[in-house]
Amino acid sequence: MKLAELAKSFDPSDIERRWYALWEAQGYFNAGFDPAKTEAFCLLLPPPNVTGTLHMGHGFNQTIMDTLTRYHRMRGANTLWQPGTDHAGIATQIVVERQLDAQGVSRHDLGRAAFIDKVWEWKAYSGGTITQQMRRLGASADWTRERFTMDADLSRIVTQTFVRLHREGLIYRGQRLVNWDPVLGTAVSDLEVVSSEEAGHLWHIRYPLSEGEGHLTVATTRPETLLGDVALMVHPEDERYQHLIGKQVRLPLSERTIPIIGDTYVDRTFATGCVKVTPAHDFNDYAVAQRHALPLISILTLSATLNEQAPESYRGLDRFVARQKIVADLEAQGLLEKVEAHKLNIPRGDRTGVVIEPMLTDQWFVAVNKATGAAGDQPSIAAKALACVATGEIEFVPGNWVNTYNQWLNNLQDWCISRQLWWGHQIPAWYGSGGEIFVAEDEATATTQAAAAGYHGALTRDPDVLDTWFSSALWPFSTLGWTPEWTPGSNTHPALDLYLPSTVLVTGFDIIFFWVARMVMLTEHMTGKIPFKHVYVHGLIRDAEGQKMSKSKGNVLDPIDLIDGIELDALVEKRTRGLMNPKQAAQIEQRTRQEFPSGIPAFGTDALRFTFLSLASPGRDIKFDLNRCDGYRNFCNKLWNATRFVLMHCADQDLGLDACTAQTVDAGSDAAASACSTQLSFSFADRWMVSQLQRSEAAVAKHFAEYRFDLIAQTIYELVWDTFCDWYLELAKVQLQANTELASPAEVEQRQRSQRATRRTLVRVLESILRLAHPLIPFVTEELWQAVAPLAGRQQAGTTSSIMQAPYPTAQLEKIDEASEARVQQLKELAYACRHLRGEMKLSPALKVPLILCVAPALAASDKTPAESVTESVTTPADWLGLAPYLQALGKLSSVELLYDAQQFEQRVASSGAPVALCASARLMLQVEVDAASECARLLKEIARLENELSKTQGKLSNESFTARAPAAVVEQEQKRLADFQAQLIPLREQLRLQQTRLQQ
RNA sequence: GGGUGCUUAGCUCAGUUGGUAGAGCGCUAGCCUUACAAGCUGGAUGUCGGCGGUUCGAGCCCGUCAGUACCCACCA
C-alpha cells in the first residue's frame, strides 16, 4: 500500500468488516493441530444464550479472550478458542411463551412437540445474532467448531453422563422440598432464586390451647400457610413456654389440633418466641419436621392455589388472595392479635420475578457430597472439586476468589437438576406403571432393562428436562468430541488430547457457582481431567455512576453502538422500547438526552477493545467511562498518523534491507551485523528506541503472564505515544533533515548511512509495535501492517499474508543499551529545561531563541565532589556537540552555543541578565530580554523549592539511625541529592543577586 | 450472622520485595510547528478515608474505627 492510500485520519468502520471477513475466510481462526508446536492454548467461550444479544459484559469478557487468543496464536501455540451457544432452557422458553401469549396461545394449546418446534424456529431466526455481534468485536474464535448445547452429539454426552452418574448412585430421584416457580411451573435451583428485602407484615395470631384457657401467640409473615401447620415450636429453655411443651393447641380455621414442641432453632428474643411449624412450605420448618418426625401437609397446588387439604372455603384461591381472606377470618374470630409492619426477604425467581414457593415434589438430584468410587471409598465430587483448587492444579486469578469457591462448595446441598419445562435435554428415565424407574440412554435399552428386572408393561418417559447448567457443566469436554471410550493420548480424540484441560477460563464472578464449580465437579468426575488450569475472574461492567446496567434502569449501553455510533433519537427509542414498566420511559428518555445530548459517536472496535482492556484492573468492577473510549480512539489515530509519518519518510527509500535483512538481524548473527555496519550507522537515539522497545516487549510478556490487561494496555500506550511519537519521531526528524552543507564525501557517506539506519529503525520499530499491539487492537494494526511490513522485510510485497500469522515480538535483552538510554534521558532533561524556561518567560512557541549552554563543571564553589549524574555520562565536547542539533529542534532554538568556561558563561549572564535554567551540572541561558522583576520572582520560587527539598534531605541525613540502618544505596542516593541541590542553589542565588542588582538600577 | 473488595488530583483509576506520589480525562495559558487540532508545548491541582502501631523511613505491612459496594446464609 502506498502512502496515498492511507487517509489523513483513521476511519475504523472502513477497515473492520473487510479484515474480519478475510481472516475468517482464510481460516486463520481455525484450531491448530500442528504436532511440531510444543505449546497449546485453549479457551472456552462461556456459551451465551443462543437467542440473546451482546451486552457490555460479553464485550468485555470476549475482548479479554480474544486478546489472549491472538497473543498465544502469534506466539506459536496450537490455539483454539472454542465458541458455542447455550439453549438456556428457562430463558428461551419464557421468550417463546411470551410471543405465543401475545397471540393468545399457550404452550399447552400447542402441545409439547409443536412447542419445541416453535422454539427451534425462534432459534433459527435469532440464533445467529450474538455470534454475528461477536464477529464485530473481532473475536477470533474457531467458528468451524461452533457448538450448541442441544446439538445431537452434545445431547448424547448429556444423556451418557446422566446415565453414568445414576448408575454410580450420584444422581437420584426423590421427594424433597424444592424452590418452585408457580407461574413457570417448575423447580429451580437455589442459585436461580434471588432474595431481596421487601416491605411486609408480621401477623400475630392466637392459637388457643386445647385444654383449659389461654392461647399461644405466633408471629408469622405468611398467615395463609397456617393451614399446613403441624406444630407450634418454642425454645426448650424458654421459661414462658417450657411448661407447655407436649401440650396441644387448636389450629385456627381448621379442625386440627397440633402439638407444642421444643426446639433450639427458636430465637427466644424474636417476636413472641413462638413459631408455627409448616414443613411443607418452609425450608427451616422442613428440617424441624424431620427432627421431630412430624407429618408434612401441603396445602398448595403447583400453581400456588389452595388445595383440598385446606378447608373448603379457601380451596382454589390464589395464595395471596387466600392470605387476605384468612387474615380477615382470623380477625373476625378475634384470633388476630395485631399486625406489624415488617421487612423481610422475599425469594423470587431470577427469570420470572415471581415469589418462589417451597414445594414438596419429586425431583432429580445430583448427590454432590456422596462418596464416589465402586466401593464408595473415593471423595465426593464436591470434595474433588475442592481438592483441584487446594492442590493448585486449578488456579484462580486474582487468588482471593478461592475463598468464594471453597465457601460455596463446602456448604453445598444436593443439586436439583430436573426442570418441569419442555425446552431442554429430556431426562433419560422411563417409568413403569408401578413406579419402577429405568434410566438408560434410549427407550430400547430401558425396555431391555425393564425386562431384565421382570417388568414387561408400558414405559412412560419422564417429561422433565435437565437444568441448563447441567449441560454447561460438560462444556469443557463435550465440545471437544468426547466419547466414553476416550483414553488420553491415544490419538483417537486429537482435540481432547490437545485442548483438555483448557488453559484459562475467563469469566465474571457471578457464574463461579453456576458454572465454574459445576464444570470442575463434572469434568473431573467424567474425564479425570480438570476443565481448565486458570480461572481469570473479572469485574462487572457498570455505568458511569457505578450502577448495574439494566433495561429497567435504562442505562444499558450496547457495545455495537459504541463501535458504530448511534443518534440520540435512536438511542432513546432503543432504551425505552419493550420496557416491563412503560411508566419509566419518560424518565429514561430525559436522562438519556441529558447524558448523551448528541448521541454516541462511533469509536470503532479497536478503541472499544482498548478501553475494556485498560479498565481491566483486577478485583474491581468497572465504571464504564465514554471519555476513556474517546481517548483510546485518539490513540488509534495516533498510531495511524505515526504510520503515515514513517511511510512518508521511508516508502521507496533505501533502508539497507538488501545487505541486512530483518531476519538476519533478529538472529543476531555477527556476519549479518558486520554487513549491516558498512551500510548502517545507528545513532544513540536509534539505539535508545530499540532499547525501549525491548523493555516494553518484556513488560508486555510479564503482564500477559499475570493477566494484567490494564498494564499491557498502558505499556503499549506509553510506548506508542510517549516514547515513539513524542520523542523518537521528533529525534528522527532531526536525523532525517537534509543537510546540504556537508563538505567531504566521507561526511556525505556517513550521513547516508545514518539516515538509512534511522529509516530502518523507524520502520522496524513501528512494525514491531504493530505486532505487539495486534492482540489488543486487531483491525487498525492489520491495516497498517499491510503497509509497513513489506518495508520492514516482514512480508513480500503483493502477497496476502496477515499480521495474525506474524510472530509475536519478544524482547531481545541484549539490545538494551543503557548508555544510549542515559544520553536520551539527558537530552530530554535539557529539552524540558528549555521548554520550562520558555514557558516561564511566556515566549511564543513560534519564536526561536538562541541558547547558550554551559557545560563546564560549575561546582567549583562547592567543596563537595559532585556525585555522578547523567550529565557525566557525556564527557567529550564532541558528544555535547552531537546533542546540540536535537536540542535546537526540541527546544525551538535558533542556535545552540556551547561554552566550556564557567567564568565566561557567568560574564555573559551578568551582562545580559537573561534567564538561566539548570540541568544537572549543565546551565542553560536563553538569550532573551527579560523583565528583572518577574525573573526575580521566578528565581525566588525556584530557590524556595530547592531549599525545601534540601532541608528535607539534610534532615534525613542528619538522622543517625537513618544513616546507620538504611541500606547503603539509599543513603548514597540521599547524599547525591543533597549535593545536587546544593550545587544548583549556588548559581541560582548568584543569578538572583544579579537580577536584584539590575532591579535596583 | 459469615465472607470479600474498595476509599490516592475535580472525575475514572494505576502505584507488586516499604525508599523523592503517577496516568488519562477535565481545568488553564499559548500554539494551524511539514504525521496527527482526534494534535503540540507549558502550568495549576493531593493532610494517599480517620486514628494508633511496626520501621531509620509507610499510599504500601499490622491493629482499629468510619464510609461504601458486593457475595453467601435467611428470625418465624
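Chain naming here is simple, since letters A, B, ... match the order of the sequence lines and numbering starts at 1 in each. Since the model is a prediction, treat every value here as computed from it, not as a measurement.
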Contact list please: residues 715-728 of chain A against RNA chain B, heavy atoms, distance less than 4.0 Å, in numerical order. A:Trp721, A:Cys725, A:Asp726
Can you tell me how far CG of A:Asp11 sits from CD of A:Glu783, rounded to the nearest 0.5 angstrom? 10.0 Å
Interface residues of residues 273-285 of chain A with RNA chain B (non-hydrogen, below 4.0 angstrom): A:Gly273, A:Val275, A:Asn284
Pick base, sugar-phosphate or nothing for A:Glu545, based on heavy-atom distances below 4.0 Å to the nucleic acid. nothing
When all nucleic acid strands are considered with a 4.0 Å heavy-atom cut-off, which category describes A:Ala846: base, sugar-phosphate, or nothing? nothing
Base B:C56 paired with A:Asn959 side chain (donor-acceptor, <3.5 Å): no
Hey, where does RNA chain B pair up into stems, meaning at least three consecutive Watson-Crick or G-U pairs with distances under 3.5 Å? B:1-7 with B:66-72, B:10-13 with B:22-25, B:27-31 with B:39-43, B:49-53 with B:61-65
Measure the spacing between CG of A:Leu776 and OH of A:Tyr717 and express it to the nearest 0.5 Å. 14.0 Å
So what does A:Thr221 touch, heavy atoms closer than 4.0 Å: a base, only the sugar-phosphate, or nothing? sugar-phosphate
Sub-4.0 Å heavy-atom contacts from residues 631-638 of chain A onto RNA chain B, ordered by number: A:Arg633, A:Asn634, A:Asn637, A:Lys638
Just to verify, what does A:His649 make a side-chain contact (heavy atoms from CB on, under 4.5 Å) with, not counting sequence neighbours? A:Phe645, A:Leu736
Give A:Asn400 one of three labels, base, sugar-phosphate or nothing, depending on what nucleic acid heavy atoms sit under 4.0 Å from its own. sugar-phosphate
Set of salt bridge (charged side-chain N to carboxylate O under 4.0 Å, His left out) partners for A:Glu340, sequence neighbours left out: A:Lys338
Residue pair A:Tyr265/A:Pro845 against RNA chain B: nearer the 5' end by closest nucleotide is A:Pro845
Close N/O contacts between protein and nucleotides 17-22 of chain B (under 3.5 Å):
from, atom 1, to, atom 2, distance (Å)
B:U20, O2, A:Arg977, NH2, 2.6

Between protein and nucleic acid, restricted to nucleotides 42-48 of chain B and to nitrogen or oxygen atoms under 3.5 Å apart, what atom pairs and distances do you find?
from, atom 1, to, atom 2, distance (Å)
B:G43, OP1, A:His836, ND1, 3.0

Using a 4.0 Å heavy-atom cut-off, does A:Val646 contact any base of the nucleic acid, only the sugar-phosphate backbone, or nothing at all? nothing
Determine the Euclidean distance between corresponding C1' atoms of B:G15 and B:C75; express it in Å to zero decimal places. 45 Å
Hey, could you give me each pair passing side-chain hydrogen bond (donor to acceptor under 3.5 Å, both in side chains) that has a residue in residues 397-414 of chain A? Not counting sequence neighbours. A:Tyr172-A:Asp414
Which residues satisfy the side-chain contact (heavy atoms from CB on, under 4.5 Å) test with A:His201, sequence neighbours excluded? A:Trp203, A:Val339
Going from CG on A:Leu711 to CD on A:Gln714, what distance comes out if it is rounded to the nearest 0.5 angstrom? 6.0 Å
Heavy atoms only, 4.0 Å cut-off, all strands: where does A:Lys842 land among base, sugar-phosphate and nothing? nothing
Check A:Lys952 with A:Glu947, please: is the shortest side-chain N to carboxylate O separation under 4.0 Å? no
Which is true for A:Leu540 with a 4.0 Å heavy-atom rule: it touches a base, it touches only sugar-phosphate, or it touches nothing? nothing
Report, one pair per line, the protein and nucleotides 11-14 of chain B atoms (nitrogen or oxygen only) whose separation is under 3.5 Å.
from, atom 1, to, atom 2, distance (Å)
B:U12, OP1, A:Lys623, NZ, 3.3
B:C13, O3', A:Arg620, NE, 3.3
B:A14, OP1, A:Ser617, OG, 3.3
B:A14, OP1, A:Arg620, NE, 2.6
B:A14, OP2, A:Arg620, NE, 3.0
B:A14, OP2, A:Arg620, NH2, 3.0
B:A14, O5', A:Ser617, OG, 3.3

Going through the distances and angles, do A:Arg708 and A:Lys702 end up as a side chain to side chain contact (heavy atoms under 4.5 Å, CB included)? CA-CA 9 Å; A:Arg708 287 301 305 268; A:Lys702 175 174 181 283; over 6 Å; no
Taking only residues two or more places apart in sequence or in another chain, which ones pass side-chain contact (heavy atoms from CB on, under 4.5 Å) with A:Thr272? A:His204, A:Thr217, A:Tyr241, A:Cys274
Could you tell me the separation between the CZ atom of A:Arg542 and the P atom of B:U68, rounded to a whole number of Å? 16 Å
